[in-house]
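Notes for the one structure printed next.
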Amino acid sequence: MITRMSSLFLRTLREDPADAEVPSHKLLVRAGYVRRVAPGGYSWLPLGLRVLRRIEDIVRDEMNGIGAQEIQFPALLPREPYEATGRWTEYGDSLFRLKDRKGLDYLLGPTHEELFALTAKSELSSYKDYPVILYQIQTKYRDEARPRAGILRGREFLMKDSYSFDLSDEGLERSYQLHRDAYVRIFDRLGLKYVIVKATSGAMGGSASEEFLAEAPTGEDTYVRSTESGFAANVEAVVTPAPPAQSTEDKPAAQAHPTPDTPTIETLVAFLNDSSLNTKADLGRTFTAADTLKNVLLKVRRPGDEEWQLLAVGLPGDREVDQKRLEASLEPAEVAMLEEADFAANPFLVKGYIGPKALQDNGVRYLVDPRVVTGTAWVTGADKVDHHVVDLVCGRDFTPDGTIEAAEVREGDPSPDGKGTLVAARGIEIGHVFQLGRKYADAFELDALDENSKLVRITMGSYGVGVSRLVAVIAEQSHDEHGLVWPREVAPFDVTVVIAGKSDEQIAAAEKIADELDSAGVRVLLDDRKASPGVKFADAELVGVPTILVVGRGLANGVVEVKDRRSGEREEIAVDGVVGHLTALVRG
RNA sequence: CGGGGUGUGGCGCAGCUUGGUAGCGCACUCGCUUUGGGAGCGAGGGGCCGCAGGUUCAAAUCCUGUCACCCCGACCA
């Protein structure tokens, strides 16, 4: 079927929509691929749906390729399975909940771990049934606090989610690797620039976890990568390389000094370096914030506990606490900063002058940044107003209870793999693979009988691809000032045929070429509208089909023009040979 | 949830300060001309100015309330 512009359900817009900020959002709306119908909800118009379906097909192809089997659950789900795993409450406000006419609770699925686990339980019972991988391509619902950027972050979106079921940890490892490899093939076929970063496994539990992030300056996720190696990681997952331990023998003795009005690192450093003020002891050295040890007081609460516990985190004074890293390190416990009331209840905590001594004397758990190793000397609080200790040596004068990844990661920090330094970059999450382990299998008692007739608890993996998001991500990575530029693998059509004139000969020639291309299996969009050539050229470029064939004034000389959308290069081709030329081009 | 902003034909906007019954561009319809880079001229169709109160002879405009949406952040993956 030749698609004709004259009857295609398409209206392009000359101006950007007022609510769009990012390029993909502007272009997908302008080029008539999608239309907004609600906050975070978009309808797919014919062009957009074609691209979406092509991406789906690629995902499906690669999933089937690793032996995964497609099924489909309802999006509308009963409460009970989610109650069993605790996610009915844990998922919080992001869960779309609703009631039926009888008042029973339902939800719109945000992910389907529960249903997959239950289905495996009801259908499979022998070790001979395993391993198995199931997947679906389903509309997901999440009541995002703030949907944004068009279809990049909606409240309704299309996701491929698959789940592996294995009898052993080794099996899970294999299933994980299969998915990881399949994802690499999917994203390569889509022509994306992306990185695979180590991720924290988050609230879902489990161990190994990696995210696929498409590189995009408009991305919401910040990650770091090494300037010299392939290392890339989510900021939350960066492990700080610890410097080698030093001798504690050759360090000067710790000394307390009066340091009036120095409750902050900034005031402290200024005071230490201002010899005119340092009446008691001119230390004859210059200090930086990195020489100070800042002790941040927090309270943590383990799930199920009523009581909060004090926790002190010691880190170099030139670094701030990164809330996300801190929380990821303490997961699943809750964390909060200390309030005035907490300080009042613990008088040994002298705000602005807290040191390791008081913490450890009073049994406060004390974790330090990995840079605080044995033999390093610090300026830190002396647990007395207006006093600090200089040359307090780790391993000699205090011994932390352990280390914690809580300090901010900065550009220029050494890469954890020892090669190069870190730089920050932005990305959009397009895929996530992780080993769930037995959390869901435990919740539903998902077991199989092994060769010895013994019950084995199944272990699961969960793997997601944001299918609808990929449409926007590709647009985000592949466009120019004229419009979209689709990679051939996902383009809504192979060729746009533009009739750049109105003569009967031109029309007839274009129709004939379109017809022959169609017969050859090339997907043709024929611009047969009675619009001016300028309008047609502009729309052809906006819509972004990879090859544009112009039938126009050259026809008198027996040639037509083939233009490559991405490079802008044009070449004249004899009319007789153009079908063969394009067919070869399209088949690559 | 905190901060900022906006609601006026399908889309993008002006008008609001200083009340007088709605306008511009794009798109759409018709006619004539035009046809290789978003054509020209002419004639049209389409808007209870987010909603509800209030002030006034008169409200898109002033006052009060309310709702919605967008952007930044927090949250979420």
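Here the structure is a predicted model, which means the values were calculated and not measured. Every chain is numbered from 1, with letters handed out A, B, ... down the list of sequences.
- With rounding to whole Å, A/His112 atom NE2 is found 17 Å from B/A77 atom P.
- By the 4.0 Å N-to-carboxylate-O rule, A/Lys294 lies too far from A/Asp318 to be salt-bridged with it.
- Of the candidate nucleotides B/C70, B/G38, B/G36, B/G36 has the atom nearest to the side chain of A/Phe537.
- A centroid separation of less than 6.0 Å is found between the aromatic rings of A/Phe187 and A/Phe212.
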Pull out every protein N or O sitting under 3.5 Å from an N or O of nucleotides 39-41 of chain B, one pair per line with the distance.
from: B/A39; atom 1: OP2; to: A/Ser532; atom 2: OG; distance (Å): 3.1

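- Taking atom C1' on both nucleotides, B/U21 is separated from B/G25 by 24 Å, rounded to a whole Å.
- Taking the side chain of A/Arg142 as heavy atoms from C-beta on, and the options B/C11, B/A77, B/G36, the nearest nucleotide is B/A77.
- For the C1' atoms, the distance from B/A14 to B/C24 is 7 Å, rounded to whole Å.
- Across B/U34 and B/C41, the matching C1' atoms stand 11 Å from one another, rounded to whole Å.
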Every protein N/O lying under 3.5 Å from an N/O of nucleotides 73-75 of chain B:
from: B/C75; atom 1: N4; to: A/Arg148; atom 2: NH2; distance (Å): 3.3

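- Atom-to-atom, CD1 of A/Ile548 to C1' of B/G38 comes out at 14 Å; the value is rounded to the nearest Å.
- Straight-line distance from the CG atom of A/Leu45 to the P atom of B/C11: 14 Å, rounded to whole Å.
- For the C1' atoms, the distance linking B/G73 with B/G37 amounts to 43 Å, nearest Å.
- A/Arg319 and A/Glu408 are not joined by a salt bridge, as no carboxylate oxygen comes within less than 4.0 angstrom of a charged side-chain nitrogen.
- Distance, A/Asp16 CG to B/C13 C1': 14 Å, rounded to whole Å.
- Of the nucleotides present, none pairs with B/U18 by Watson-Crick or G-U wobble criteria with both distances under 3.5 Å.
- Rounded to whole Å, the separation between the C1' atoms of B/C13 and B/G65 comes to 28 Å.
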Pairs of donor and acceptor atoms involving the side chains of residues 150-157 of chain A, under 3.5 Å and at least two apart or interchain, shall be tabulated with distances.
from: A/Arg153; atom 1: NE; to: A/Glu144; atom 2: OE1; distance (Å): 3.4
from: A/Arg153; atom 1: NH1; to: A/Glu220; atom 2: OE2; distance (Å): 3.1
from: A/Arg153; atom 1: NH2; to: A/Glu144; atom 2: OE1; distance (Å): 3.4
from: A/Arg155; atom 1: NE; to: A/Pro39; atom 2: O; distance (Å): 3.3
from: A/Arg155; atom 1: NH1; to: A/Asp143; atom 2: OD1; distance (Å): 2.9
from: A/Glu156; atom 1: OE1; to: A/Tyr141; atom 2: OH; distance (Å): 3.1

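- Atom pair A/Asp19:CG and B/G5:P shows a separation of 19 Å (rounding to whole Å applied).
- When rounded to the nearest whole Å, the span between CD of A/Glu541 and C1' of B/G38 equals 11 Å.
- Surrounding CD of A/Gln72 are more than 12 heavy atoms belonging to other residues, nucleotides or ligands, all under 6.0 Å away.
- The side chain of A/Glu429 lies closest to B/A77 when the candidates are B/G36, B/A77, B/G38.
- The partner of B/G7 is B/C67, by the rule that a Watson-Crick or G-U pair needs both atom distances under 3.5 Å.
- A/Tyr440 pairs in a side-chain contact (heavy atoms from CB on, under 4.5 Å) with only one of the listed residues (A/Leu446, A/Leu118, A/Ile458, A/Thr85), which is A/Thr85.
- Distance, A/Tyr42 OH to B/C70 C1': 10 Å, rounded to whole Å.
- Taking a pair to require two hydrogen-bonding distances under 3.5 Å in either a Watson-Crick or a G-U wobble arrangement, B/G42 pairs with B/C30.
- Candidate nucleotides B/C71, B/C13, B/C28 were compared by shortest atom distance to the side chain of A/Glu21, and B/C71 ranks first.
- B/C57 and B/G12 have their C1' atoms separated by 37 Å, with the value rounded to a whole Å.
- Set against B/G36, B/G38, B/C71, the side chain of A/Arg30 has B/G38 as its closest nucleotide.
- Remark: A/Ala500, A/Lys502 in residues 499-506 of chain A come within less than 4.0 Å of RNA chain B through at least one heavy atom.
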Contacts table for residues 546-562 of chain A: side-chain donor-acceptor under 3.5 angstrom, sequence neighbours left out:
from: A/Thr547; atom 1: OG1; to: A/Arg488; atom 2: NH2; distance (Å): 2.6
from: A/Glu561; atom 1: OE2; to: A/Arg570; atom 2: NH1; distance (Å): 3.4

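- In this structure, A/Arg529 atom CZ and B/G38 atom P are separated by 14 Å, rounded to whole Å.
- Taking the side chain as every heavy atom from C-beta outward, A/Val524 and A/Phe493 never approach each other to under 4.5 Å.
- Aromatic rings of A/Phe116 and A/Phe73 (six-membered ring for Trp) have centroids within the 6.0 Å cut-off, being under it.
- Atoms OG and CD, on A/Ser468 and A/Glu56 in that order, are 9.5 Å from each other to the nearest 0.5 Å.
- In the set B/A77, B/G38, B/G37, the nucleotide with an atom closest to the side chain of A/Lys563 is B/G37.
- Applying the salt bridge (Lys or Arg N to Asp or Glu O under 4.0 Å) test to A/Glu215 and every residue at least two apart in sequence or in another chain returns nothing.
- If you check B/C28, B/C69, B/G36 against the side chain of A/Arg11, the one that comes closest is B/C28.
- With hydrogens and angles disregarded, no donor-acceptor distance shorter than 3.5 Å links the side chain of A/Lys160 to the backbone of A/Arg60.
- Spacing between B/G10 and B/U18 at atom P, rounded to whole Å, works out to 32 Å.
- Across the C1' atoms, B/U61 and B/U35 are found 46 Å apart, a figure rounded to whole Å.
- Using N1 to N3 plus N6-O4 or O6-N4 for Watson-Crick, or N1-O2 and O6-N3 for G-U wobble, each under 3.5 Å, B/U35 pairs with nothing.
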